[in-house]
Structure formats: C-alpha cells, structure tokens
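Both counts, for ligands and for their atoms, begin at 1 and track the order of listing.
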Amino acid sequence: MSVSPRAAPGAATHGTKATADGWRAAMRGILAPADLIEDQDAATPFCVDWFGRYAGRARAVALPRNTDQVASVVKACADHQVPIVPQGGNTGVCGGAVPSAGGDALLLNLSRMNRVREIDAVSDVIVVEAGCILADVQQAAAAAGRLFPLSLSTEGSCQIGGNLSTNAGGTAVARYGTARELTLGVEVVLPDGRIWDGLRRTRKDSSGYDLATAFVGAEGTLGIVTAASLRLFPPIRESALAWVGFDHPQQALALLAALRDRFGTRVSAFELLSRSLVTLIGRHLPDAPAPLKPAPAWAALVELGDTWHSGGLMDALETALADAADHGLLSDAVLAQTGAQADALWRIRHAATDAMKGAGVTLTHDVAVPLSRVPVCIERTGAMLAERYPTAVATVVSHLGDGNIHHNVTFSPGDWAAMPDAGAARDAISDAVLEIAVELGGTFVAEHGIGQRYLHAAARFKSPLAQELARRLKSAFDPHGLLNPGRLIVPE
Ligand SMILES: Cc1cc2nc3c(=O)[nH]c(=O)nc-3n(C[C@H](O)[C@H](O)[C@H](O)COP(=O)(O)OP(=O)(O)OC[C@H]3O[C@@H](n4cnc5c(N)ncnc54)[C@H](O)[C@@H]3O)c2cc1C
C-alpha cells in the first residue's frame, strides 16, 4: 500500500475558472439536462440533511441513471479535481451526505439507479442497484418468497448504497447482522472512474482480501457503490409480538437471555424504550393507545419470528413471559393478538425519532456496549444527564439484542436558545455520553457512521495507529482526496 505525497486524504481541491468551465462542459456531455441540476435553488433540498442540522452548497447535483454514467462523471471530476459527495436517501444523521458550505463539490445522488438486477432465490442472493430504496428491496425479496431482513425506521426513504456505506443496523441485527454481514459483494466506481465488479454471489471466498468489505461503512470515501449483491433468507411465516414492562433495564437483559435460551435465533427483535420516550411518543401520536397503563419505567417491544408456521408461537411467547414474570423478570406484558395490533405497536416504536424531533432540540447519540454492560451504561449516562442538565428530557431507545443504545437529550427551544454557547454545549454533552460507552468497552458510534459529526470523537477515541491506518487506506484508494472530503477520516 503506498501513500501519495500529492494530496492529504480528505483534502478538497479547488479548481480554476477554466477548470470549472471544462468540468461543466464535460458534465453536460455525460448527463441529460434533467439529470444535472445546476440551479442553486433547485439544488438546495439536496444540500440539507433530514434533521436540518447540516446544510451546505453544491456546484451541481448529478443524478446518473447507470454505472457507466457514474463512471464518466467520476472520471470528469478526477480530471478536473472536483470533489464528490455521494448521496443516497439523505437520511443519514451524521452529515455524511451533505456537502460543505464552500460549494465546490459535486453532489452525486444515486436515487435514479434503482433497478433490481437479479434475484436468485435458490442461492439466496439479490443484486440491486445502489439507489434502490430499502423497502423496495424488502418487497422484491418477498415477491420471490424470500426475506431481506435489514429494517430501519427510514426504510421507505433510505437506499441500499447509503445502507452499505453507513453499515446500517436497525431492528433485526441481533438475528441477521448489520449491512456488512448481509453484503456478499459490491460494484464500485473508483475515484479515477474505473468500475470494479465485485458482485460476489457466494458465501465463501478465500481468494485473498475481501475488498468489498472495505466499501461497507466507508461513507463514500473510497468509491461510489453502484450495486450490491445481498444475502436473502427464508421468510418469516409466523411471528408473535409483545409489549413488556420492566422496572429496570437489568430485568430486560435477563428476559432477553431467558428468551434466547428458549427460542434461540427466533428472538428477532428486542427494542427497549424508556418511559420518558414512550411519553413523548404518546404526545406525538395522540391516537395511539398506551400499550400498558400505567406506563412502566421501561418497556420493550419483543418479537419472535419463525420460518415454520406451527400456529403455536404466540402461546409459546405467552408461556415464556408468564414464566419470566414468576421469576421477577418483568412487571407487566401485553401480546398483540392480531396483525393490526402488532402494526400499532411497531408504529409506536418507529415514531420515536419524529416524536423527539417535534419536542424541541434533540441531541441523539448512537453508542454500543457489550450486552452485559447495557444496564450500567444506561444508568450512568442517565445519572450524568440528570445532574448536569436537569431541565432537559433524557430518553433512551436501545436495540438491546445487539447492545446498541441511543441516548437522546431533548431541550425545549427556549432552554436551548438560552444556552450561552450551543455548539460548545452540544460537544460537551456528546463527549460525556460517548466517554461512558467507551469506558465500558463499547464504541462511540454503532450504526450511524462518523460523517462530519463524530470526527472529533474519532480523533479522541480511535488510537493514533487506527487513525493512521484509515488515512493510509484512504490514500491507497483515493490519493487526491476527492471522495467525500472532510468525512470519516481524521486529518493528520
Ligand atoms: C428517523 C431515523 C431513524 C433512523 N434509524 C436508523 C436505524 O435504526 N439504524 C440505522 O443504522 N440507521 C438509522 N438511521 C440513519 C439512516 O437512515 C441510515 O444511516 C441509512 O443507512 C442511510 O441511508 P441513506 O440512503 O439515507 O444514506 P445517505 O444519508 O444519503 O448517506 C449516508 C452516507 O453514505 C454515503 N453514501 C450514500 N450512498 C452512497 C453510495 N452509493 N456510494 C458511496 N457512498 C454513499 C453518503 O456520502 C453518506 O456518507 C435513521 C435515521 C433517521 C432519520
């Protein structure tokens, strides 16, 4: 692996007027007018993230329709040293898909590359283009009698390219793994415009480095993902869902262990929510009845899923919960008796982020710790936030099955406006939350990626050697630092 002396990784290069004109002419030669947005007003919606936290400018927005067009666009940018910010559904929460304020980058949006290229139900493989919306991939798999299990609240908007590039997680990781574990291979346009067809379709391959893995979680800093071959699974033919109450997260952890002992991988989701969050959601969804009254201190949405329909899964879950109650592992529980009731419970879970968004200024976090340390992480973080920010509402939602905890802190708009230095407050809160997780042997970001937001955390929590290796990898793929500069890589 060689390190180029020509440009620091992550450094954007600004072109001259002549370069800009040449680049623009090249772009107009590659893309039809409808696929190249040059008007700044029309480009603006692409340049703001979902939360409205990050906003920037782009010199243009390209919407290519196939891999060859992506390759030509990237080659033109390489020739003219124009940085590129790749974008999928723009639901990322760390500012990775939003250009910087300087406006020198091209925003490369993959949403028009949305074909399902191939489904091989026998091999359990689906090959899709990067701009396919996650829910459409799930539906395509279902239509072929298979399951694509990646599932996030944003599945109606986020795209496969973004899912892979952030190594997305969501609600089914405990059973099926993250986007990385669901990826067999990728097709990528490299920073010089060459196309690498790495669409492996086999589970096994010991022929050297697994290059595809490098692009998963790379946040568009190494190449543009244009397609992916993904793993499929047998569909779930019977499921059972319960809303379970606890006095303490330790009970929830004990119940999870008991259910896993009894049902193995059939425990497909275990989503833990604090009462403070359920209360916020209740205000956001006034038509949704509270699953348990009075609301317990903690609640979990617990789902079992079986590929075999025996007709007895709900009874089995009910029996398991009754046994758990006898052993003091829960305070209360209600089972969904119909599909509509199950949908209503999932609706509550999926409304969490919107509820926080509507409640004021929310700072979200995305840590993970070893499962055994989840309760202490929740307890320590909650105590720290209550002591330092008594007027804020601290909420928790955890994909408990994989140790991922979202600690959220919501300030009323008035309280937030009264902060003497909001930026410093944001950093101080974030540092304190992340520090606890890292001290407990966890990670400062579990499923959202680093983007712009966690660069300072990466500088603090990644070892100098890990930072150096990441820079060397970046240099090997992208020596001129043109792909998503200023994201993910900690500068030297
Ligand atoms: C309400 C809400 C709930 C969420 N819940 C979850 C959750 O449960 N689990 C979870 O993991 N995430 C969650 N997220 C975060 C987000 O939905 C995921 O990170 C998702 O995977 C991003 O996909 P996207 O298509 O929107 O990517 P974008 O936001 O467009 O991009 C994300 C990153 O990937 C890069 N990128 C995008 N496409 C490509 C490509 N084709 N090639 C190279 N790089 C590319 C971008 O440059 C950027 O760095 C949530 C977000 C919101 C707003």
Side-chain angles (χ1 to χ4, degrees), residues 46-54 64 67 70 74 83-99 105-114 128-135 137 150-173 178-180 182 186-191 214-228 269 271 349-358 362 364 366 368 397-399 402 404 406 408 445-454 477-478 483-489:
F46 292 87
C47 298
V48 185
D49 77 325
W50 187 89
F51 273 105
R53 286 184 193 139
Y54 298 93
T67 303
V70 175
V74 173
I84 298 174
V85 177
Q87 186 180 78
N90 197 16
T91 67
V93 291
C94 298
V98 174
L106 171 75
L107 188 71
L108 182 57
N109 182 293
L110 278 294
S111 55
R112 291 190 180 160
M113 287 194 59
N114 56 6
V128 299
E129 291 184 342
C132 282
I133 288 175
L134 173 55
V137 177
L150 189 67
S151 179
L152 328 178
S153 304
T154 49
E155 60 200 24
S157 309
C158 63
Q159 299 171 10
I160 288 298
N163 298 149
L164 265 57
S165 299
T166 53
N167 188 21
T171 55
V173 170
T178 64
R180 178 170 285 126
L182 299 172
V186 288
E187 176 190 87
V188 177
V189 172
L190 298 168
F215 297 95
V216 181
E219 300 180 33
T221 59
L222 302 182
I224 310 294
V225 177
T226 47
E271 299 283 296
R349 162 63 189 94
H350 285 309
T353 313
D354 280 329
M356 288 184 273
K357 198 177 174 187
T362 297
T364 58
D366 170 40
V397 56
S398 166
H399 309 297
D402 55 56
N404 186 187
H406 299 296
N408 312 300
V445 60
E447 59 177 10
H448 290 165
I450 290 175
Q452 307 180 49
R453 179 171 176 199
Y454 288 121
F477 280 89
D478 183 21
L483 288 195
N484 226 356
R487 315 291 186 270
L488 191 146
I489 303 289

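Taking the six-membered ring for Trp and thresholds of 30 and 60 degrees, His448 and His406 have nearly parallel ring planes, at less than 30 degrees apart.
Here's the thing with Gln87: none of its N/O atoms is less than 3.5 angstrom from an N/O atom of ligand 1. Of the N or O atoms in Phe51, none lie within a sub-3.5 Å distance of an N or O in ligand 1. The shortest N or O to N or O distance between Thr353 and ligand 1 is not under 3.5 Å.
Residue contacts with ligand 1 include His448, since one of its heavy atoms falls under 4.0 Å from the ligand. Residue Asn484 places a heavy atom under 4.0 Å from ligand 1. Residue contact annotation: Lys357 has no non-hydrogen atom under 4.0 Å from ligand 1. Every heavy atom of Ala179 sits 4.0 Å or more from the atoms of ligand 1. In this structure, Gly451 falls outside the shell of residues with a heavy atom less than 4.0 angstrom from ligand 1.
Side-chain atoms of Ile84 and Val74, non-hydrogen and from C-beta on, do get closer than 4.5 Å to each other. In this structure the side chain of Glu447 never reaches within 4.5 angstrom of the side chain of Thr166, judged on heavy atoms. Between Cys94 and Ile450, every side-chain heavy-atom pair lies at or beyond the 4.5 Å cut-off. Counting heavy atoms from C-beta outward, Val397 and Thr353 have side chains that stay 4.5 Å or more apart. Two residues are said to be in side-chain contact when any heavy atoms from C-beta on lie closer than 4.5 Å; Val98 and Trp50 fail this criterion.
One distance of note links CE of Met113 with CD of Glu187; it measures 6.5 Å at 0.5 Å rounding. Interatomic distance, OG1 of Thr171 versus NE2 of His350, reported as 5.5 Å (0.5 Å rounding). Separating the OG1 atom in Thr178 from the CG atom in Asp402 is a distance of 9.0 Å, to the nearest 0.5 Å.
For ligand 1, the atoms closer than 4.0 angstrom to any heavy atom of Cys158 are 23 (O), 24 (P), 25 (O), 26 (O). For ligand 1, the atoms lying closer than 4.0 Å to a non-hydrogen atom of Leu110 are 41 (N). Close contacts between ligand 1 and Ala168 involve ligand atoms 11 (O), 21 (O) [criterion: under 4.0 Å to a heavy atom]. Ligand 1 places these atoms under 4.0 Å from at least one heavy atom of Gly223: 43 (C). The ligand atoms of ligand 1 that sit less than 4.0 angstrom from a heavy atom of Asn90 are 24 (P), 26 (O), 28 (P), 29 (O), 30 (O). Using a 4.0 Å cut-off to heavy atoms of Gly92, the atoms of ligand 1 that qualify are 26 (O), 29 (O). Listed by atom number, the atoms of ligand 1 under 4.0 Å from Ala130 heavy atoms are 41 (N). Atom numbering of ligand 1 starts at 1 in the shown order; those under 4.0 Å from a heavy atom of Gly169 are 10 (C), 11 (O).
In terms of protein heavy atoms, atom 31 (O) of ligand 1 is closest to Ala97 CB, 3.5 Å. Here the heavy atom of the protein found nearest to atom 19 (O) of ligand 1 is Thr166 OG1, 3.5 Å. Remark: minimum distance from atom 35 (C) of ligand 1 to any protein heavy atom is reached at Ser165 CB, 3.7 Å. Shortest contact from atom 41 (N) of ligand 1 to any protein heavy atom: Val225 O, 2.9 Å. Scanning the protein heavy atoms around atom 47 (O) of ligand 1, the nearest turns out to be Pro86 O, 2.6 Å. Closest to atom 4 (C) of ligand 1, if we only count protein heavy atoms, is Thr154 CG2, 4.0 Å. For atom 22 (C) of ligand 1, the closest non-hydrogen atom on the protein side is Thr91 OG1, 3.4 Å. Closest to atom 24 (P) of ligand 1, if we only count protein heavy atoms, is Gly89 N, 3.5 Å.
No option in Asn163, Asn90, Leu150 other than Asn163 meets the side chain to side chain contact (heavy atoms under 4.5 Å, CB included) test with Cys158. Screening Leu483, Leu488, Ile489 against Glu219 for a side chain to side chain contact (heavy atoms under 4.5 Å, CB included) leaves a single residue, Leu488.
Shown here for Val93 and Arg453, the closest heavy-atom pair between the two residues is O-CD, 4.2 Å.
Contact annotation for Val85 and ligand 1: no heavy atom of the residue comes within less than 4.0 Å of the ligand. The side chain of His399, and not its backbone, has at least one atom closer than 4.0 Å to an atom of ligand 1 (non-hydrogen atoms only; side chain from C-beta on).
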Item checked: Candidate pair Val225 and Leu110, rule side-chain contact (heavy atoms from CB on, under 4.5 Å), full reasoning -> CA-CA 9 Å; Val225 177; Leu110 278 294; over 6 Å; no
Item checked: Derivation of the side-chain contact (heavy atoms from CB on, under 4.5 Å) call for Val186 and Leu164 -> CA-CA 9 Å; Val186 288; Leu164 265 57; 3.7 Å; yes
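In this structure, the side chain of Arg180 does not engage the main chain of Asn167 through any donor-acceptor pair within 3.5 Å. In this structure a side-chain-to-backbone donor-acceptor pair under 3.5 Å is missing from Glu155 to Leu134.
If you check each of Cys94, Ser111, Ser153 against atom 5 (N) of ligand 1, the one with the closest non-hydrogen atom is Ser153. Comparing Asn163, Asn109, Thr364 against atom 20 (C) of ligand 1, the shortest heavy-atom distance belongs to Asn163.
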